[in-house]
Every structure is written in C-alpha cells, then in structure tokens.
Amino acid sequence: MLGMALAALDSTIIATAIPQIVGDLGGFSVFSWLFSGYLLAVTVTLPVYGKLSDTFGRKPILVTGIVLFLVGSLACAGAWNMASLIAFRVLQGLGGGALQGTVQTIAADLYPMKERPKIQAKLSSVWATSAVAGPALGGLLAAYADWRWIFLVNLPVGAVALWLILRHFVEDPRRGTGSEAGAPVRRARVDWPGALAIFACGGLLLTALVQGGVAWPWLSAPSLLLFAGSAVCATATVLIERRAAEPIIPGWVWRRRTIAAVNLALGALGLLMVAPTVFLPTYAQSVLGLGPIAAGFVLSVMTLSWPVSAALSSHVYNRIGIRNCAVIGIGAAGLILLVFPLLPYPGAAWQPALIMLALGAALGLFQLPLIIGVQSSVGYAERGTATASILFCRQVGQSIGAALFGAVANATLNDRLAHAPREIRPGLPGDLDAVSHALERAGSLTAHATDYLRRAVDTTVDHVYLGAVAAAALALTALLLLAPRHFPVHADARTARETAEDTDGGPGTPGTAIASGATDVPGSGASANAPEAGTGARAGTTTGVKDGAAAVRAEPTEAQAGHPGEAAAQS
C-alpha cells in the first residue's frame, strides 16, 4: 500500500502547485507535459513490466520501480528549468509503471480469491485518500514551503516501503523464472526488440492523442505523422511478437475470451472516466459557481463509495457470478450517467455529488470483479502479463477518451458560441478553458453574456456525459458478447493445497483441491495448467464446489467447466 501510495499521490499532488512551478521555472506553453510525459511513461511500460515480473519475479521489478521513482523524485526536486523537470517526470513514470502493475499482481499472488476484494479495496482506498488529500497537500506545500517539497515527500514514504519489501516480502525462487511451482526452472529470456517496439508504438500514439487538438490541429502534419508512425510501429510490434520466443504481449492475451473481454471493457471504462474526472470540475465551477475546493469535493465523493462497493462486491459475484456482477455494475453506471443531462439548470451542488456517489458504487461492482476474474483465470507465470494488459487498456482508454471527449466538448461549445445572440457575440472567449476563466471573472461580462456562457458549458458537459453513456454501452456489449458466462479459475499447486487445507481442516486431503478458495459461481471451472486455447482452458485438472462438497468430473474446456453445479477433475 505504501508503494501504491507513491504512484497515487503523484497523480494528484502536483496539480495545485502548477502556478508556483511555472512562476519559478517558466515554460507555461509546455507545462502540460508534466502530466502527459508521466502518463506516457506509465502507460507504455505497463505491459513490459508485466512480462518482466512473470520472467524474473515480482520482487525485483517492484524494487526497481520504487528505486526509479525515488531517483526521479529527487531529480525533479533539483530541476533547473521546465525541460529538465519534464524529463525527470518521465523517469518517475518509468518507476510508476512498475508500481501500478506489480502491486496489483502481488495482491493476487498473496491472497486467495475470497480475500482479494478486501485487499483490492484497501488498495483502492489508497487512491481515494490520495484524490482527496493530494491536492490539499500540494497546495499547502506550494504556498507555505516550496514546490520542490512535493517531490521530496516521496523519499521517506518510498524508503519505508522499500525497507518493508526487502525485509518481509519473500518469493519462491522457482517462481522467478516464469515456471509454475514444481516445474523445472527454465532460462529467462526477454523480448527486448518487442519491448522497444511497444515503447515506440505507445509513445507515438499517446503523444498524438494527448497533443492533438491542443498543441496542433488534428489534421495537421504533426498529428498525421504521429498516427502514421504509430501504425507502422504497431505492425512491426505484431511481426516481432509473433516470432519472439517469450513475447512481451503474447497472443493468448487476446485469444482468450476472458482476458480479451475484460481488456475491452476496462478500456471503455477508461473512456468513461474522462467525463467525471476532467469535465465535472469545470461544470461545478463554471455552471454551479463553486470554488475549487467545493468543486473537488463534488468529484471526490465518488472515491468514497467506490472502495466500499468494491469491498462488498464479493458477496454479489459469489452468488451470481463475476460477469453478471460486472454487467449489473456497468448497466447501473450507464443509467446513472444518463441522469446527468437531465439535471435542472443551474441546479444545486448536491445533485451532481449524489450522481457521483452512486456512480462510484456502480463502478465498484464493475471494475474489481473483472480484475479478480482475470487474475484468477491464469497461473503465476502469466498473472503479471494478464494484469498489466488490463491496466494498459484502461490507460489507453483514458487517453483516447481525453482526445475524443475534448473534440466533442470543443465542437459543442464552438457551435453554441457561433449561435450566440448578436449583441453579446463580440468579445466572447473562444474555447472551454477561456470560457471557464471568463466566468471566474464574471464582473467583466454582462449578466446576459454570463448566463449564456454558463448554459453553453452546461450543454457541453451534458454532451460529454452522453458520450460516457456510450462508453458504458460499449463495456456492456463487450461483456455480453465476449465474456464467458462463468470465468475459469486457475488452480496452481500452492493455491489448491492451501485452499484444500482451509476447506478440509487439514493438509491436502487426497483427491480434493479447491481453486483459489472459491470459484466464480458454484461450479465454475478451474484449469490446473496454463490455458493456451482460445477458450481459455486445456484438458487438465479443474476444480469446483457444489453445496460445500467437492465432486469429481473431467472438464477439458472452460465452457464445459462453467456449467453451474459441475465440478472439475482431480489431479
């Protein structure tokens, strides 16, 4: 949790100190790269670190990530201009990518399936606390100390996290080779050409999405060249990965229905989350007239209900299944988002706050069960890659959402400004940021112009939320069409043995082994071998529970093992 806190705080604490940083170092025209550079580094390294953690083990990757992050933090504190600060933020991001993916993977390694909702909810609470405390802490440090302390506070937190991990986290050395427990150790090989191709492809694509429409027009030469370059690199990546002995992004990530469906669903979640996180604060300040702190509270209530809902989600998916739980969550989220455009103008602050509270509860039922489902469907040697793939898709979805919804917002606002009454049209601002600044200084506008601009922002954010509803529909479609009705549950030797002891009250009763302490739903299947087929299972051993007793039946495929009440074969 301390390691996760480094990445979580860093994404929020710097925002309120931007005026002080720009005032000290200059570089106002490029300061957005303090966020974009970090995001790029985190996103493109996620799949690489996921594969490396499967190859060399979790501990060395996590330790490397913390060290890189702390070195980057120290370098940021000593930055002498904006260019150096941006470069050191990228170095921080190289460490942040290892933190985000590896911590989630370790949580799945250490805890059986029945305990993972509580552990993942605690990790989610780190992000929730950071969302509330980060901006306030950053503002206090920038106002009463120096903005450089924003980066220096990472050092003691990271040092304690590093000491705890080095002292107390012990891995099975056999597992650091990408082998299942009990399998012969094989020589670790890393697909470095594939890693470089992924870096290049992701970097070019995300740069085009982040800077397009901001630093240059969408149809300008820089945008077209970046998109073309990313397409070329994507083709090269596919060719390299097909030939690699140990690819960074293996083909099975997309061939297995379970992982492919969750990747698409969480990519749509990243798209959806742009609406509340980017546009709701603007709505709260420009339409409702709230101050920055109150506007932040309207958004932060979502982070209060999300971890609570996630912690309780196991009670839902253990009864109705992971897919059905996620379908309920994203279906409810779509309906909740649809309420936002129906809010009265100008409305009261409690109305969007209530919507965000309900949205957090719905998304807690959606995201966490899917992550747990994917992690439980693979063995140790594939868990880092699988976890990184879903986090990578969510990050890419956020980048695409920022670009797409930014275009929707600009198009809507430009249309409203173009059709403004003739008497107020002269002197009206030309984009969303300029409108927000003008409304903050509403004394410079007439009452008619102020009301018109507020209504224009209201309409703009309504359209963005309708786009978020479409993203929720995409996630729902991916689950209904692609996700198996019952997620497979992989049983490696360690998990099966530990759970058998918990179930039978003693070590390893012959002939019974229950995967991960619980199945998806009664009778959901579990493959004891790493599945390679498109169905996500191979002929082998599977386990299941019916009415508290273990039964025996050979189930070679995920579809067969998923029937309610059916158990899988003993080893």
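Reckoned from all heavy atoms, side chains included, excluding hydrogens, waters and symmetry mates.
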Measure the shortest side-chain to side-chain distance between [X] and [Y] over non-hydrogen atoms and say whether it is less than 4.5 angstrom.
X      : Y      : result
Leu266 : Phe366 : yes
Arg323 : Pro484 : no
Ser73  : Leu152 : no
Gln92  : Phe151 : yes
Leu34  : Met82  : yes
Phe487 : Val262 : yes
Leu205 : Leu226 : no
Pro250 : Pro247 : yes

Practice task
Identify the residue among Val374, Ile249, Leu46, Val253 that makes a side-chain contact (heavy atoms from CB on, under 4.5 Å) with Ser389.
Solution key: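 Answer to the side-chain contact (heavy atoms from CB on, under 4.5 Å) test with Ser389 among Val374, Ile249, Leu46, Val253: Val253.
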Handout entry: Test side-chain contact (heavy atoms from CB on, under 4.5 Å) applied to Gln100 and Val42, Thr45, Leu6, the passing residue
Key =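 Considering Val42, Thr45, Leu6, a side-chain contact (heavy atoms from CB on, under 4.5 Å) with Gln100 is found only for Val42.
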Distance-minimising heavy-atom pair for [X] and [Y]:
X      : Y      : answer
Leu91  : Gly72  : CD2-CA, 3.8 Å
Val469 : Leu338 : CG2-N, 3.7 Å
Tyr283 : Pro352 : CE2-CG, 4.3 Å
Leu466 : Pro341 : CD2-CG, 3.8 Å
Glu241 : Ile248 : OE2-N, 2.8 Å
Ala98  : Gly65  : CB-CA, 3.6 Å

For the pair [X] (side chain) and [Y] (backbone), establish whether a donor and an acceptor sit closer than 3.5 Å, ignoring hydrogens and angles.
X      : Y      : answer
Asp24  : Gln20  : no
Arg116 : Ala108 : yes
Thr412 : Ala409 : no
Arg89  : Gly37  : no
Asp415 : Ala411 : no
Arg243 : Leu239 : yes
Arg148 : Ala77  : yes
Thr43  : Leu40  : no
Ser223 : Leu219 : no

Practice task
Tell me, please, whether Tyr49 has Arg58 positioned over its six-membered ring: NZ or CZ under 6.0 Å from the ring centre and within 45 degrees of its axis?
Solution key: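 The answer is no; the distance or angle limit is not met.
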At what distance, to the nearest 0.5 angstrom, does [atom1] of [X] lie from [atom2] of [Y]?
X      : Y      : atom1 : atom2 : result
Ile390 : Ile371 : CD1   : CD1   : 5.0 Å
Met356 : Leu363 : CE    : CG    : 9.0 Å
Phe340 : Leu280 : CZ    : CG    : 5.5 Å
Asp54  : Arg383 : CG    : CZ    : 9.0 Å
Ile259 : Ser377 : CD1   : OG    : 5.0 Å
Met4   : Ile106 : CE    : CD1   : 9.5 Å

Problem - Any donor-acceptor N or O pair under 3.5 Å, side chains Thr459, Asp462 - result: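 No, no side-chain donor-acceptor contact under 3.5 Å.
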Problem - Side-chain H-bond candidate by donor/acceptor type, Asn263 with Trp254, under 3.5 Å - result: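 Looking only at side-chain atoms, Trp254 and Asn263 do not form any donor-acceptor pair under 3.5 Å.
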Handout entry: Leu481 atom CG: more than 12 heavy-atom contacts under 6.0 Å
Key =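 Yes - once you tally the heavy atoms of other residues, nucleotides and ligands closer than 6.0 Å, there are more than 12.
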Exercise for the section: May I have the step-by-step check of side chain to side chain contact (heavy atoms under 4.5 Å, CB included) for Asn154 and Phe69, ending in yes or no? Expected result: CA-CA 9 Å; Asn154 291 329; Phe69 192 91; 3.6 Å; yes
Handout entry: side chain to side chain contact (heavy atoms under 4.5 Å, CB included) assessment of Ile21 paired with Ile14
Key = CA-CA 9 Å; Ile21 294 174; Ile14 192 175; 4.0 Å; yes
Handout entry: Full working for side chain to side chain contact (heavy atoms under 4.5 Å, CB included) between Leu39 and Ser399
Key = CA-CA 9 Å; Leu39 173 67; Ser399 299; 3.7 Å; yes
Handout entry: With Thr387, the side-chain hydrogen bond (donor to acceptor under 3.5 Å, both in side chains) member among Glu382, Gln104, Gln375
Key =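 Among Glu382, Gln104, Gln375, the one meeting side-chain hydrogen bond (donor to acceptor under 3.5 Å, both in side chains) with Thr387 is Gln375.
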Handout entry: Derivation of the side chain to side chain contact (heavy atoms under 4.5 Å, CB included) call for Ile165 and Val63
Key = CA-CA 8 Å; Ile165 291 164; Val63 169; 4.2 Å; yes
Practice task
In sequence, state the C-alpha distance, the side-chain angles, and the governing distance for Phe279 and Tyr465, and then conclude on ring pair (Phe, Tyr, Trp, His ring centres under 6.0 Å).
Solution key: CA-CA 9 Å; Phe279 291 93; Tyr465 267 76; 8.5 Å; no
